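Before any comments, here is the structure.
Whatever order the structure lists them in is the order used to number ligands and atoms, beginning at 1. The basis for the numbers below is simple: all heavy atoms, side chains too, and nothing from hydrogens, waters or symmetry mates. Since this is a predicted model, take the numbers as computed values, not measurements.
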Amino acid sequence: MGCDVSSGRYGTALVVSGPSGAGKTTVCRRLLEIEPNLHFSVSCTTRLPRPGEEDGRDYRFLSRAEFEARIAAGAFLEYAEVHGHLYGTLKREAVERVRHGQDVLLDIDVQGARLVRAKVADDPLGACVVFVFLGPPSFGELERRLRHRATDPEDVIQQRLRNAREELEHWRDYDYVVVNDRVERATACLELILAAARYAVARFPASPWDRQTTGESG
Ligand code: 5GP
């Protein structure tokens, strides 16, 4: 599926957001495996790498001072404090790529999605951003997943559960809602959403036929 700038269209920014424990990272990884033309927007974070994570591939791991210098330089499309650490999307990872016709996947929290929504509201590129809320099959399942993976003390788990309950209330602010009951099914839903977004009229800055009248064969 051609989506570079020579196709005469902008890219799509697929924003996948939702509470911790909904399975965003797993579903996003799976989608990237089956969508070779989708670029993962590598976020910056001040948290430490987990085992198996690679700097520049999973995140850019920065000190708080380095992160704050980037804030001051205006490098971020959005940033937010999540569970005591800063996370941010670089403009050059997301905005610049979309402008040049690339499709980009953003795995960000609910605050970040809200900031992106506000930022692109009056921008022509805003029509290229698709917001997907990825939710757990139930609150009980979300609790089970958070407890299963976390090595955190009970009060931290309780705080995450309170945050998650609050975040779940924002699903109506999104374009699509996907329930992650099974990774393969949720990934297939995202694939369909991305496929449809690639054909949205807003994606074409000019008539798709203009190029043909200037001698291109299409
Ligand atoms: P984790 O530390 O488990 O990788 O991510 C914690 C949370 O931060 C997840 O909800 C993830 O989606 C979110 N996150 C990752 N990158 C960004 C980002 O660039 N901006 C925002 N706002 N959230 C992010």
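- The minimum heavy-atom distance between Pro136 and Leu168, with the atom names listed, is CD-CD2, 3.8 Å.
- Within the listing of ligand 1, atoms 22 (N) sit less than 4.0 angstrom from a heavy atom of Gly112.
- Nearest approach of Leu105 to Leu31, heavy atoms of both residues: CD1-CD2, 4.3 Å.
- Polar contact with ligand 1: absent for Ser20 (N/O pair, distance under 3.5 Å).
- For ligand 1, the atoms lying closer than 4.0 Å to a non-hydrogen atom of Arg47 are 1 (P), 2 (O), 4 (O).
- Ring geometry for Phe76 against Phe67 counts as parallel: the plane angle stays under 30°, on a 0 to 90° scale with 60° as the upper cut.
- Residue Glu78 places at least one N or O, backbone or side chain, under 3.5 Å from an N or O of ligand 1.
- In terms of protein heavy-atom proximity, atom 3 (O) of ligand 1 is closest to Arg50 NH2, 3.0 Å.
- The shortest N or O to N or O distance between Gly88 and ligand 1 is below 3.5 Å.
- For the pair Arg29 and Phe40, the cation-pi test (distance below 6.0 Å, angle within 45°) is failed.
- Ser43 OG, 2.6 Å is the protein heavy atom nearest to atom 19 (O) of ligand 1.
- Summarising the geometry of Glu35 relative to Arg198, their closest heavy-atom pair is OE1-NH1, 3.2 Å, with the distance given to 0.1 Å.
- Protein heavy atom in closest approach to atom 7 (C) of ligand 1: Val82 CG1, 3.8 Å.
- Using a distance-only test at 3.5 Å, with no hydrogens or angles considered, a donor-acceptor pair links the side chain of Glu78 to the main chain of Thr89.
- Heavy-atom minimum distance, Pro137 versus Asn180: CD-O, 3.4 Å.
- Within ligand 1, the atoms closer than 4.0 Å to a non-hydrogen atom of Asp107 are 11 (C), 12 (O), 14 (N), 15 (C), 16 (N), 17 (C), 24 (C), numbered from 1 in the order shown.
- Looking at Phe76, Tyr79, Tyr59, Tyr87, it is Tyr87 that brings a heavy atom closest to atom 17 (C) of ligand 1.
- When heavy-atom distances to ligand 1 are checked against a 4.0 Å cut-off, Asp109 comes that close through both its backbone and its side chain.
- The two residues Arg70 and Cys44 have their closest heavy-atom pair at NH1-SG, 3.9 Å.
- Gln159 and His83 share no side-chain donor-acceptor pair at under 3.5 Å.
- Atoms of ligand 1 lying under 4.0 Å from any heavy atom of Lys24, numbered from 1 in the order shown and given with element: 9 (C), 10 (O), 12 (O).
- Every atom of ligand 1 with a heavy atom of Ala80 under 4.0 Å away is listed here by number and element: 22 (N).
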